[in-house]
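Single-structure report; data block below.
In what follows, every heavy atom counts, from backbone to side chain, and hydrogens, waters and symmetry copies are set aside. One-based numbering along the sequence shown.
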Amino acid sequence: MKRFLLPALALFVLLSGCKDKDEPSTSNVLRVKLAFDPTQERLDNLGNPSTIPPGNAAQNPTVRGLSAHFIELVPTEFTPYQGGETVYQGLDVPADNANSFGFTTAADFDQAIVRASGETFIEVPLSDLGPGTYNHVRVSVIYQNGDVVYNLKNIPQVGDLDGQTGTIASFVGYNNFITNLTVNNLGLTVNDERLQGFWAFETNLSSPYQQYNQVYSGQAPENATTVVNPFPNAPVPQGSCVVSGSLDQPLEITGQETSDIELTLSFSINQSFEWEDTNANGEWDLDIGGNTLEPVVDMGLRGLIGKVVY
């Protein structure tokens, strides 16, 4: 039997090398990456330019990572939600937490993919996507993690520590089942569902003050999270974080692709972390005892542009 091995292998190599370089291949993929841009335009829910309302303050977070729960390529601005081409769908679990939106499921955070800027979120074979011309994109964002600047007040025997950097984990998706959450170095056990707007913040104090590090958590008001959708003829579910935007050029799928296509989802983080500025100093102030915490009111992303590279 061994004497037939070499000829068979040579024949395999010969046949493999004869493939036309322009022949469509099932190995070609749509590579989806993430980007977070503090200079991208700051938009409101309807896709209009937005300013910070009186009584609030905001800053650009430094995003460490983001998780999407649903990605959809959309032909036109009239295409209804989930009427386009689904590129990715995360896992859901049954949920029974009380809510005014009728949610009976929650995104399973334990199974969520979290990626940083520039990293590949997913790769999808182009052969799995329906042929068509896609001009827009929708992304259901469930989670983002990033650093923000804050002041920590009234530390025993220390006083105030201003200009500190801490890490906030924000759940902007429709509903989320969370078991254990590591914000940065410290953890928080939830083991329950949390609606859009749940957040946890780790102080991340450096030596010699690390003994005072702790995790705060809270819930932004219902419907306070900005969800940008500039397409009024294609509404998205209330209470979700389905961010809609346009592609910088049409993404065409013909079924005859001979190379990969790259799609970068560029999210605006322009003043996207917003809080109630109770003392009007333009800075986020926390009390070590949690008594004068300035409430977080909005962690929503402020716009979406899809950048296509063939």
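- When every heavy atom of Ala234 is checked against every heavy atom of Pro80, the shortest pair comes out as CB-CA, 4.4 Å.
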Quiz item: Would Val158 and Tyr209 satisfy side-chain contact (heavy atoms from CB on, under 4.5 Å), going step by step from the backbone distance to the final call?
Solution: CA-CA 9 Å; Val158 175; Tyr209 304 110; 3.7 Å; yes

Quiz item: Between Tyr150 and Trp275, is a ring pair (Phe, Tyr, Trp, His ring centres under 6.0 Å) present by the stated rule, with each step listed?
Solution: CA-CA 11 Å; Tyr150 71 102; Trp275 64 92; over 10 Å; no

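- Counting only N and O atoms by type, the side chains of Gln196 and Asn175 include no donor and acceptor under 3.5 Å apart.
- A distance of 6.5 Å separates CG in Leu30 from CD1 in Ile253, rounded to the nearest 0.5 Å.
- With contacts defined as side-chain heavy-atom distances shorter than 4.5 Å, the pair Ser268/Glu41 does not qualify.
- Residues Pro230 and Leu43 form no side-chain contact, since every pair of their non-hydrogen atoms from C-beta on lies 4.5 Å or further apart.
- The minimum heavy-atom distance linking Phe121 with Ile113 is given by the pair CE1-O, 3.3 Å.
- Checking Thr203 against Gln214 by side-chain atom types alone, no donor-acceptor pair falls below 3.5 Å.
- Defined by atom type and a distance below 3.5 Å, a donor-acceptor pair is present between the side-chain atoms of Asp147 and Thr167.
- Between Asn229 and Arg138, the closest side-chain pair of non-hydrogen atoms is not below 4.5 Å.
- Side-chain atoms of Asn145 and Arg64, non-hydrogen and from C-beta on, do get closer than 4.5 Å to each other.
- Using a 4.5 Å cut-off on side-chain heavy atoms (C-beta onward), Leu301 and Ile269 make contact.
- The two residues Leu247 and Tyr134 have their closest heavy-atom pair at CD1-O, 3.2 Å.
- Judged purely by distance below 3.5 Å, without hydrogens or angles, the side chains of Asn151 and Glu283 pair a donor atom with an acceptor atom.
- Taking the six-membered ring for Trp, Tyr81 and Phe70 have ring centres closer than 6.0 Å.
- Leu161 has its side chain out of reach of Tyr212: every pair of non-hydrogen atoms, C-beta onward, lies at least 4.5 Å apart.
- Looking at Val308 and Leu263, their side chains come closer than 4.5 Å, going by heavy atoms from C-beta outward.
- When hydrophobic side chains of Ile, Leu, Val, Met, Phe, Trp and Tyr are connected at separations under 4.5 Å, Phe101 ends up clustered with Phe103, Tyr174, Leu195.
- Contact detail for Pro61 and Val148: the closest heavy-atom pair is CB-CG1, 3.9 Å.
- With sequence neighbours excluded, no residue forms a side chain to side chain donor-acceptor pair (under 3.5 Å) with Asn135.
- Salt bridge annotation for Asp160-Lys153: present, with a cationic side-chain nitrogen under 4.0 angstrom from a carboxylate oxygen.
- In plain terms, the two heavy atoms of Asp92 and His69 that are nearest each other are OD1-NE2, 2.9 Å.
- Taking the charged nitrogens against the carboxylate oxygens, Glu274 and Arg302 do have a contact shorter than 4.0 Å, which makes a salt bridge.
- What you find for Cys241 and Val172 is that their closest heavy atoms are CB-O, 2.8 Å.
- For the atom pair CG (Leu181) and CG (Leu186), the distance works out to 10.5 Å, reported to the nearest 0.5 Å.
- Of the listed residues (Val296, Val63, Asn60), just one forms a side chain to side chain contact (heavy atoms under 4.5 Å, CB included) with Phe273, and that residue is Val296.
- For the ring-ring contact (aromatic ring centres under 6.0 Å, His included) test, residues two or more places apart in sequence or in another chain that qualify with Tyr143 are Phe109, Phe171.
- Side-chain contact check for Pro94 versus Phe177: every heavy-atom pair is 4.5 Å or farther apart.
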